Number of protein chains: 2
Amino acid sequence: MTMENGTPAEEADVKKSIGPRPRTPIRDQQRLDPSEREAIIAREAVSFFAEHGFEGQTRELAKRLRITQPLLYRYFPSKEALIERVYQEVFVGRWKPSWEKLIADRSVPLKTRLTQFYREYAEVILTYEWIRLFMFAGLKDLGLNARYLKMLRERAFERVIEEIRFEYRRPSTREVPTTVIEIEMVWGLHAAIFYLGVRQFIYSMPLEADVSSIIDAKVTTFLGGIRSVLPAKL
Amino acid sequence: MTMENGTPAEEADVKKSIGPRPRTPIRDQQRLDPSEREAIIAREAVSFFAEHGFEGQTRELAKRLRITQPLLYRYFPSKEALIERVYQEVFVGRWKPSWEKLIADRSVPLKTRLTQFYREYAEVILTYEWIRLFMFAGLKDLGLNARYLKMLRERAFERVIEEIRFEYRRPSTREVPTTVIEIEMVWGLHAAIFYLGVRQFIYSMPLEADVSSIIDAKVTTFLGGIRSVLPAKL
DNA sequence: CTATATATTTATCAATCGATAAATAATCGT
DNA sequence: ACGATTATTTATCGATTGATAAATATATAG
């Protein structure tokens, strides 16, 4: 399996007679545009490190890319830089700024907004790559996860609480800052969603129900629960 | 850092004059009983692999033990065997058979039993070592976690459901097997507890409340929720 | 006190890993 | 068609890693 070239000696000399500009690459695409090659490497690195962790070997990654290992270093100065790129690709690149507007769009009923947000968010993070990379990162160094969760709180969760406050005619978080119990309940909901991914992609325990239904139920329970811990009306 | 002997040249010749049988080891204890040495190695390995993951190097582990690296191989034939011992120590050794009796002890009110079980269980698994080792194991190979969760379901969770059925006068699980929705709710409670550990020991996010209070609240919510999904009375 | 047993260390191997430099080959402009 | 550019490969280095064998030191028996 590891020795295999993987290229059946079949298509090597089929089309080689004339040169009718065979734009479609017959064999492995060679000599790609640097930007294209870099993108391919980054994409495969996401998949690779999600599977093997950051201790995965550059040689094995190169093999999956059908390139040689030193070529990686033409596009990324070090393995660490490649990993940093993976972080960017997954944890930054997959965040949708539209979520921040969605949560605060008061032309839409609150529960609809939250359900939609958590559904879309779940669709992004409940993937093999996202969940495992996040866990690998957390076990390796503390910085990245803390940074991400801080961002998540600031961009999404604080807004969620602000909107719930508004819905139930409570003081804004600018007047009465988010309380511990409020943010704890938001973390709890996030935890429930995140754990769906851990079950699937770390424990290999398939989910019994579809994610959307689970999210809907969790959001409903959440809204019922957090209402009773909001600060008093003005 | 790697060249350092680590032993400040300070205590080397302090006590060496006469030999009044210094039973208390002055320097590092040397030449321990094999059983004692093995236990010490296993204990430190738990802590070490929990911190660094299973890719942690045997030389670094040996340094923490103040022994040389080849000595590890006198007590464990391979690194893999040492890791297997760590598994046994933590995931098997810390399981308390008394829990199985506790859950089924009908001389005690159900809620009391469940609260006590989940409190004790949480006390065991919500440690730096348990949580991180379980996560490292899950990311590495799928076998161990699946085995553990299967054991958890058989020895504890099936009993929990059986007792809840009995409490509310529903058919036994021997007559009406555990339903998907029932076991899902039990997993959900377990997930909530487990995530407390992930937050603390993987994300370094301290908990805002004490674990016991959280457990009590979760168990109460759980009992209220699962009641409505039990199979109908006979 | 001496000899035997063995816990521990020293020395070292072979494989692996990230990384670099030089050689090669494919593409493009002229 | 040809030379220049550069994407890619080949070859290799130095450090690290799990593991083994031989040497050493410590405890115990007789």
Side-chain angles (χ1 to χ4, degrees), chain A residues 2-3 5 7 12 16 19 21-23 25-42 44-45 48-49 52-86 140, chain B residues 1-7 12 16 19 21-42 44-45 48-49 52-86 140:
Chain A
T2 50
M3 308 291 285
N5 194 325
T7 314
K16 200 67 175 296
R21 195 133 352 178
R23 255 314 190 233
I26 297 308
R27 210 188 159 78
D28 299 339
Q29 230 166 1
Q30 284 178 6
R31 205 180 168 82
L32 297 183
D33 247 32
S35 64
E36 191 179 353
R37 176 66 78 192
E38 182 187 312
I40 291 177
I41 291 176
E44 191 69 26
F48 178 77
F49 288 123
H52 296 93
F54 301 120
E55 324 265 353
Q57 308 163 9
T58 56
R59 278 174 177 82
E60 201 180 338
L61 169 60
K63 193 183 292 179
R64 278 171 57 153
L65 282 160
R66 310 262 222 154
I67 62 176
T68 55
Q69 179 245 8
L71 188 58
L72 296 172
Y73 289 85
R74 177 124 187 141
Y75 296 93
F76 297 92
S78 68
K79 183 181 179 181
E80 205 53 43
L82 181 54
I83 291 173
E84 190 60 39
R85 170 64 176 272
V86 167
K140 186 183 163 197
Chain B
M1 172 108 59
T2 49
M3 308 291 286
E4 221 71 65
N5 194 326
T7 314
K16 200 67 175 296
R21 195 131 354 175
R23 252 314 188 229
T24 47
I26 296 308
R27 215 188 155 78
D28 302 335
Q29 227 166 3
Q30 283 177 7
R31 205 179 168 83
L32 296 184
D33 247 31
S35 64
E36 190 180 354
R37 176 67 79 192
E38 183 187 311
I40 291 177
I41 291 176
E44 191 69 27
F48 177 77
F49 287 124
H52 296 94
F54 301 120
E55 324 266 353
Q57 309 161 9
T58 54
R59 277 174 177 80
E60 203 180 335
L61 168 60
K63 193 183 292 178
R64 278 171 57 154
L65 283 160
R66 309 263 225 157
I67 62 175
T68 56
Q69 179 247 5
L71 188 57
L72 297 173
Y73 289 85
R74 177 123 186 141
Y75 295 94
F76 298 94
S78 69
K79 182 181 179 181
E80 205 53 42
L82 181 54
I83 290 173
E84 191 59 41
R85 170 63 177 270
V86 167
K140 185 183 165 199

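Keep in mind that what you see is a predicted model, and the values were worked out from it rather than measured. All chains are named by letter (A, B, ...) in the order of the sequence lines, taking the proteins before the strands, and each is independently numbered beginning at 1. Side chains included, hydrogens not; waters and symmetry mates left out as well; all remaining heavy atoms used.
For B:E60, the salt bridge (charged side-chain N to carboxylate O under 4.0 Å, His left out) criterion is met by no residue, not counting sequence neighbours. Residues satisfying the side-chain contact (heavy atoms from CB on, under 4.5 Å) criterion with B:E84, sequence neighbours excluded, are B:Y87, B:Q88. Residues satisfying the side chain to side chain donor-acceptor pair (under 3.5 Å) test with A:E44, not counting sequence neighbours, are A:R64.
Sequence neighbours left out, the pairs with a member in residues 68-82 of chain A that pass side chain to side chain donor-acceptor pair (under 3.5 Å) are A:T58-A:Q69, A:E80-A:K140.
At whole-Å resolution of the value, CZ in A:R31 and P in D:dT5 are 13 Å apart. Rounded to a whole Å, the CD1 atom of A:I40 is 13 Å from the C1' atom of D:dA7. Whole-Å rounding puts the B:L72 CG to C:dA7 P distance at 15 Å. The separation between B:E38 atom CD and C:dA7 atom C1' is 14 Å, rounded to whole Å. Taking atom CG of residue A:L65 and atom P of nucleotide D:dA7, one finds them 17 Å apart after rounding to whole Å. Atom CD of B:E36 and atom P of D:dA27 are 13 Å apart (whole Å). D:dG18 atom P lies 13 Å from atom NZ of B:K63, rounded to whole Å. Taking atom CG of B:L32 as the reference point, atom C1' of D:dT28 lies 16 Å away to the nearest angstrom.
Annotation: proximity of residues 73-85 of chain A to DNA chain D (heavy atom, distance under 4.0 Å) is found for A:R74, A:Y75, numbered in ascending order.
For the pair B:I41 and B:I67, the minimum side-chain heavy-atom distance is below 4.5 Å. Here the side chains of B:L71 and B:L65 are not in contact, with every heavy-atom distance at 4.5 Å or above. Residues B:L61 and B:L82 form a side-chain contact, since some pair of their non-hydrogen atoms from C-beta on lies under 4.5 Å apart.
For B:E55 and B:D33, each mapped to the nucleotide of DNA chain D holding its nearest heavy atom, the one lying further toward the 5' end belongs to B:E55.
Looking at every heavy atom in both residues, B:F76 comes nearest to B:A42 through CZ-CB, 4.5 Å.
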Could you write out each protein N or O paired with an N or O of nucleotides 9-12 of chain D at a distance under 3.5 Å?
residue	atom	partner	partner atom	Å
D:dT9	OP2	A:T68	N	3.0
D:dT9	OP2	A:T68	OG1	2.9

